Amino acid sequence: MKAIKKIMVAVLLSLSMVVSFMPTNVFAAEVPTFSGGNGTQEDPWLISSSNDLIELADWVNSEKAKTFDMDDCGTGYFHGYYFKQISNIDLTGVDYAPIGYTDTDEIYFSGNYDGNNFIISNITSTGKQDSDGQTTVGIFGFIVEAKIENIHVKNADFLAIGNNSYAHAGGIVGVAYDSSIKNCFVENSTIESKRNPSQNNCAGGIAGYCAGGTFEKCISNNNIINSQCYGGGFVGEIDDDYPGLGESSFEDCAVVNCKVTTAAENTRNYSFSGGFVGEVNSDGVNVKNSFVYKTNIFAHDNGDLTNAGVFAGNLYENSYADYYSKLITMNCYYGECGSVSDNTFTASSKSKEEFENGIVAGLLGDSFVQNGSSITLKTYPADYTKVNEAKAKVPSDLSIYTDESVNALKDALALVEDGKNITEQATVDGYADAINKAIEGLVKKPIIYKVIEGEGGTFVKKSGKDISIRIDHEYTENVKVEVDGKVAFTTDSNYSYPNFYLGRTYGEFKFERGKTYTIRVRGINYRYENGANKKQEGEWSDAYTVTYKAVDTSLKKVSGVTASSYVLSWNPDKNADSYEIKVTDEAGREYFESLASDRKSGRYT
C-alpha cells in the first residue's frame with residue numbers, strides 16, 4: 001500500500017530537476033493533428049473518433065508527448081495543452097490502451113481534456129503494464145496535474161491485473177495524482193482489479209486510486225466494481241500521504257445502483273469495500289453534498305482484515321505513529337445499502353421514498369435535480385436518442401422533394417444543439433419532434449419523364465421490335481403516355497383510358513402502319529392531405545417521334561389452328577418473332593393478346 005509513495009517522490013524530484021535544466025517544448029519536432037486545432041485553450045486539439053483517442057494514447061505512451069510542456073514547468077506530457085471531444089465515440093472492437101499508464105517509467109497524461117458531454121462507449125481493455133509489473137486501466141491510465149472534465153463513459157469493461165505489483169482500475173482514470181476531475185459520469189460498466197500474487201490493488205467507479213485529487217459533480221451509476229483488495233463505488237483508494245500534497249475532496253458526487261465486492265485470495269491479505277471509497281489514507285478527506293444510494297457492498301472475510309462501509313470500507317491507522325485517517329462528510333446522505341451501516345460518519349440515512357419524492361434532491365442543493373424516481377446532477381447530459389432516431393429517418397436523396405419542404409427539414413435539423421443537459425430534455429425532445437414533422441411534410445416534385453428508344457430499363461409497353469418506351473427515371477409512379485395529344489396508356493387503375501396495343505384498334509386510339517406518331521410521358525403523384533389523396537400531375541416529357549413500320553411480307557399465314565377447351569394450338573411460323581391472338585365477340589369487338597415466340601411451338605392456354 002505504501003510502495004507507490006517512493007515512486008511518486010522520485011517523480012517529483014525528477015520533475016524539479018527538469019524545471020531547472022530543460023525548457024522541454026523547444027525540442028518538440030513532430031506536432032499532432034488529431035481532428036483539428038493546435039492545442040491551445042482558444043483552439044484545442046479536437047477528438048472526434050476512436051482513431052483520435054488511440055492517437056492520443058500513442059503520443060503519451062510512446063513518450064512523444066514528453067517534450068510538450070506549454071509553460072516549461074517540467075511536467076511535460078501535454079501539460080498546459082487542451083483537448084476537446086466533439087462527437088460520441090464508440091470503441092466496439094477496438095484494442096484500447098489507456099492514455100498514460102505509469103509513474104515508474106514516468107509516462108502519464110498532464111493535459112486538459114474536455115469531453116464536452118459526449119459519450120465514450122463500449123470499451124474493453126486490460127490496461128497497460130509498466131516495467132515493474134504495475135497495471136493501470138481506464139480511459140486514462142495515469143494522470144499527473146491533469147484536468148479532466150465532461151466525460152460520459154458507458155458500457156466499459158475494464159480489468160487491471162498487476163504482475164507482482166499494483167493494479168489500478170477506474171472508469172475514468174486508473175491513477176489520479178494532484179489532478180482535477182469534474183462533471184464526469186460512468187454508467188453500466190464493470191471495473192475490476194487483481195494482482196498476482198494477491199495484494200494491494202484497487203478499483204473504483206470513477207477512479208481506481210487518487211492522491212490529492214479534486215472531484216466535483218461526478219456520478220458512478222449502475223456499475224459493478226470488483227477488487228481483491230480495495231473497492232469503492234466511486235474511488236478504490238485515497239492516499240494523500242505525500243509531502244506537499246493537499247487532501248482529496250469530493251463535492252456534488254454520487255454512487256447509485258452499484259455493486260462493490262472485494263475478496264482477498266489468501267488469509268494474509270485484506271479486503272475493504274466502501275460504497276464511496278474502499279481505503280482511506282489521509283488526514284482529512286472531505287466529502288460534501290454527496291450520496292450513496294441502492295448500492296450493494298460486500299467484503300468477503302477470507303482475508304486477514306476485512307470490512308464493508310457505506311462511505312468508506314476502511315480508515316488506515318497506525319497507532320504506533322499516532323496516525324489515524326479521517327473522512328469528513330458534510331450534508332451527505334445514504335439509503336438502500338442493504339445491511340451495511342458502518343462508516344457513515346455524519347451522513348444521514350434516508351428512506352427510498354425520500355430519495356424518490358424529491359426530498360433528498362432538495363437537501364443536496366442546487367447541483368442536483370429529481371429525474372423521475374432517481375436523483376441526478378443538473379449537468380447530466382440530456383438523452384439524444386429520439387433526435388438520432390429522427391435523423392436516421394431522413395431520406396438519403398432529397399433531390400426528389402420540393403425546395404420548400406426540403407428547406408423546412410434543413411431548418412429543423414439546424415435547430416439541434418448538442419451538449420444540452422437533463423434540465424433541457426424537453427428542448428431536446430422538441431428537436432426530434434420538429435425533425436419528424438418536417439420529414440412527414442416532405443413533398444415530392446412532379447416527375448418529368450424523358451421517353452427514349454431501346455432495350456433495358458423499365459419498360460412501360462413493348463410491342464415486338466417495333467417500339468420500346470422506357471421511362472428515364474429512377475422510379476415510376478402512375479405514368480401516363482400520350483400519343484398525338486391523346487392519353488393512350490396509364491398505370492393509374494382509376495383512369496378511364498385503357499391500355500393500348502400497337503397496330504390495332506383498342507379503346508379510343510389506333511396505330512396505323514407506315515404513319516408517324518409523337519409519344520410523350522408524364523408522371524402523377526398523390527399526397528394525402530385533409531383526409532383525402534390530392535392528385536398532382538407532372539409535365540409532359542419531350543416528344544419522341546416514331547414511324548410505325550409497314551407490314552412485314554415475310555410472315556406467312558398461321559395454319560393448323562385448333563381449339564380444345566381453353567387450349568389454342570397452331571403450327572409455328574419460323575419467321576415470326578412473336579404471335580398475337582385476336583378474339584372477336586358477337587358485337588364485332590376485337591380483343592388481342594401478344595405472346596413471345598421461341599419459333600418451335602404454337603400453343604396458348
Side-chain angles (χ1 to χ4, degrees), residues 32-37 45-62 64-65 83-102 107-109 111 113-130 135-143 148 150-163 167-175 184-194 203-208 220-226 258-259 381 383-389 391-393 396 418:
T33 56
F34 303 106
S35 287
W45 278 312
L46 302 179
I47 306 297
S48 68
S49 66
S50 59
N51 288 335
D52 286 337
L53 273 182
I54 292 169
E55 183 181 356
L56 174 54
D58 179 68
W59 268 88
V60 173
N61 298 342
S62 66
K64 290 188 295 183
F83 298 81
K84 187 173 185 178
Q85 190 171 324
I86 58 172
S87 64
N88 295 327
I89 298 175
D90 189 333
L91 292 171
T92 299
V94 174
D95 184 15
Y96 185 76
I99 302 165
Y101 65 99
T102 175
I107 300 173
Y108 42 80
F109 178 79
Y113 189 99
D114 181 3
N116 204 20
N117 284 328
F118 284 107
I119 298 170
I120 301 175
S121 62
N122 303 318
I123 321 121
T124 298
S125 179
T126 54
K128 196 166 177 64
Q129 194 170 96
D130 67 14
T135 303
T136 56
V137 70
I139 300 300
F140 297 85
F142 206 114
I143 61 175
I148 311 297
N150 305 323
I151 295 180
H152 194 173
V153 176
K154 282 187 174 182
N155 305 324
D157 190 350
F158 289 143
L159 172 62
I161 303 177
N163 183 12
H168 313 276
I172 299 295
V173 60
V175 176
C184 290
F185 304 88
V186 179
E187 295 183 282
N188 307 329
S189 298
T190 299
I191 302 154
E192 185 172 4
S193 67
K194 294 182 178 180
I206 301 294
S220 171
N221 179 37
N222 198 36
N223 299 313
I224 297 172
I225 296 100
N226 297 317
C258 290
K259 181 180 180 181
D383 185 355
Y384 280 76
T385 300
K386 291 182 179 178
V387 174
N388 294 330
E389 290 174 349
K391 286 181 177 180
K393 297 176 186 176
S396 58
D418 293 319

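As a basis for the values below, the full set of heavy atoms in this structure was taken, side chains included, without hydrogen atoms, waters or symmetry mates. Please read all numbers here as calculations on a predicted model, not as lab measurements.
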Enquirer: So, for A203 and I225, which heavy atoms are closest and what is the spacing to 0.1 Å?
Expert: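 In this case the closest contact between A203 and I225 is O-CG2, 3.4 Å.
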Enquirer: Students often mix this up, so state it plainly: with edges at 30° and 60°, are the rings of Y113 and F83 parallel, tilted or perpendicular?
Expert: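 Ring orientation, 0 to 90° scale: parallel.
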Enquirer: So, the side chain of Y96 versus the backbone of I139: is there a donor-acceptor pair under 3.5 Å, distance only?
Expert: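 Looks like yes, one N/O pair under 3.5 Å.
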Enquirer: What's the separation between atom CD1 in I151 and atom CD1 in I120, rounded to the nearest 0.5 Å?
Expert: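 Nearest 0.5 Å value for the CD1-CD1 distance: 5.0 Å.
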Enquirer: Taking the side chain from D383 and the backbone from T385, do they hold a donor-acceptor pair closer than 3.5 Å?
Expert: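 It does hold such a pair.
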Enquirer: Can you check whether A97's main-chain N or O pairs, donor with acceptor, with N61's side chain at less than 3.5 Å?
Expert: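 Answer holds: no.
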Enquirer: Rounded to the nearest 0.5 Å, what separation is found between the OG atom of S49 and the CG atom of L91?
Expert: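 One finds 9.5 Å between OG of S49 and CG of L91.
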Enquirer: Do you know the tightest heavy-atom contact between G141 and P98?
Expert: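 Scanning both residues completely, I find the closest heavy atoms to be N-CB, 3.4 Å.
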Enquirer: Flag yes if more than 12 heavy atoms outside K64 fall under 6.0 Å of its NZ atom; otherwise flag no.
Expert: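 Yes, because the 6.0 Å sphere around NZ of K64 holds more than 12 heavy atoms from other groups.
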Enquirer: Report the C-alpha separation of I148 and I172 in whole Å, then their side-chain angles, then the decisive distance to 0.1 Å, and conclude whether the side-chain contact (heavy atoms from CB on, under 4.5 Å) test is met.
Expert: CA-CA 9 Å; I148 311 297; I172 299 295; 4.1 Å; yes
Enquirer: Can you name the one residue among T135, T136, T102 that meets side-chain hydrogen bond (donor to acceptor under 3.5 Å, both in side chains) with Q129?
Expert: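 Of the listed residues T135, T136, T102, the side-chain hydrogen bond (donor to acceptor under 3.5 Å, both in side chains) partner of Q129 is T135.
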Enquirer: Give, for atom CG of N150 and atom SG of C184, the distance between the pair rounded to the nearest 0.5 Å.
Expert: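 With rounding to 0.5 Å, CG (N150) is 6.5 Å from SG (C184).
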Enquirer: So how far is it from D418 CG to Y384 OH, rounded to the nearest 0.5 Å?
Expert: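 So the CG of D418 and the OH of Y384 are separated by 5.5 Å.
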Enquirer: Can a donor-acceptor pair be found, under 3.5 Å and without considering hydrogens, that links the side chain of N222 to the backbone of N188?
Expert: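 Flag not set: sc N222 to bb N188 has no pair under 3.5 Å.
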Enquirer: Which value, rounded to the nearest 0.5 Å, describes the distance between I107 atom CD1 and Y101 atom OH?
Expert: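 Rounded to the nearest 0.5 Å, the CD1-OH separation comes out at 3.5 Å.
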Enquirer: Report the distance from atom CG of L53 to atom CD1 of I99, rounding to the nearest 0.5 Å.
Expert: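 It is 5.5 Å, given to the nearest 0.5 Å.
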Enquirer: Look only at the side chain of S48 and the backbone of I86, and say whether a donor-acceptor pair between them is shorter than 3.5 Å.
Expert: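 No, because the side chain of S48 does not come within donor-acceptor range (under 3.5 Å) of the backbone of I86.
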